[in-house]
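Counting from 1, the numbers follow the sequence of the chain as shown. What you see is a predicted model; the values in this text were computed from it and never measured.
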Amino acid sequence: MRWLLDINVMGVLNGISAVLPVMVKQHSGHIIATDSVLGHHVYVNSTVYCGTKFAVRAIMEGLRQEHRMHNIKSTIISPGNVATDLYKSIQSESARQAELDFWMPYARASRF
């Protein structure tokens with residue numbers, strides 16, 4: 001599950017750290033991150049994923065509070081289940097299967 005932290009939390013933090021210095025210097029900016037409805041409610045068998053999305057919400061709220069004097073806005077987008085082909089790009093067979101196993105209960109009606 002470390003990969004969930006690396007992608008969902010560290011990805012957001014790395015993106016913020018890449019743009020924040022420029023935005024502070026220009027005294028304006030808007031940072032948008034993707035959250036999830038699972039960042040608002042915890043579901044069985046999704047605890048770690050939900051935790052990473054709760055973390056994104058906390059990071060973005062902290063960013064808003066800490067940088068409002070620099071006129072930097074933050075927005076999170078919290079979509080529901082979205083069927084993607086992400087699993088096809090995963091090289092590790094066990095990781096690919098874990099991704100499919102994780103999303104399958106939520107994607108029964110999707111194109112998975």
Would you call [X] and [Y] a side-chain contact if the rule is heavy atoms closer than 4.5 Å?
{"X": "M60", "Y": "D35", "result": "no"}
{"X": "P79", "Y": "T34", "result": "yes"}
{"X": "M23", "Y": "I31", "result": "yes"}

Next on the checklist: Going by side-chain hydrogen bond (donor to acceptor under 3.5 Å, both in side chains), name the pairs with one or both residues in residues 50-59, residues two or more places apart or in two chains.
Outcome noted: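 Matches after skipping sequence neighbours: N8-T52.
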
Checklist entry - Honestly curious: do I72 and V56 fall in one hydrophobic cluster under the side-chain, below-4.5 Å linking rule? => result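 Cluster IDs for I72 and V56 match.
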
Checklist entry - Are I7 and L5 connected in the hydrophobic side-chain network, where two residues link if heavy atoms are under 4.5 Å apart? => result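 Per the 4.5 Å side-chain linkage, I7 and L5 are not co-clustered.
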
Item to check | Approximate separation, where rounding is to 0.5 Å, of L38 CG and S46 OG | outcome: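 Between L38 CG and S46 OG, I get 5.5 Å after rounding to 0.5 Å.
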
Checklist entry - Hey, what do you get for CG (L4) to OH (Y49), rounding to the nearest 0.5 Å? => result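 L4 atom CG to Y49 atom OH measures 8.0 Å (nearest 0.5 Å).
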
Item to check | Any residue meeting side-chain contact (heavy atoms from CB on, under 4.5 Å) with S92, in chain and number order, not counting sequence neighbours | outcome: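 Residues passing side-chain contact (heavy atoms from CB on, under 4.5 Å) with S92: S94, A95.
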
Next on the checklist: I'd like to check the side-chain contact (heavy atoms from CB on, under 4.5 Å) partners of Q97; sequence neighbours left out, ordered by chain and number.
Outcome noted: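 Q97 satisfies side-chain contact (heavy atoms from CB on, under 4.5 Å) with E93, L100, D101 once adjacent residues are dropped.
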
Next on the checklist: Could you report the tightest heavy-atom contact between R64 and S74, atom names first, then the distance?
Outcome noted: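 Smallest heavy-atom distance, with atoms named: CB-OG, 3.3 Å.
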
If you look only at distance, which donor and acceptor atoms sit under 3.5 Å apart when one is on a side chain in residues 11-20 and the other is two or more places apart or in another chain?
residue: N14; atom: ND2; partner: M10; partner atom: O; Å: 3.2
residue: S17; atom: OG; partner: L13; partner atom: O; Å: 3.4
residue: S17; atom: OG; partner: N14; partner atom: O; Å: 3.0

Next on the checklist: Checking the side chain of H27 only, and the main-chain atoms of M69 only, is there a donor and an acceptor separated by less than 3.5 Å?
Outcome noted: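 Present.
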
Item to check | Cluster companions of F54 among Ile, Leu, Val, Met, Phe, Trp, Tyr (side-chain spacing under 4.5 Å) | outcome: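 Once heavy-atom contacts under 4.5 Å are chained together, F54 belongs with V42.
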
Checklist entry - I77: which other cluster members, linking ILVMFWY side chains closer than 4.5 Å, directly or transitively? => result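 Noted: I77 shares its cluster with I32.
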
Next on the checklist: Among K73, R68, H67, which residue satisfies the side-chain contact (heavy atoms from CB on, under 4.5 Å) criterion with H70?
Outcome noted: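 Testing each of K73, R68, H67 against H70, the sole residue satisfying side-chain contact (heavy atoms from CB on, under 4.5 Å) is H67.
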
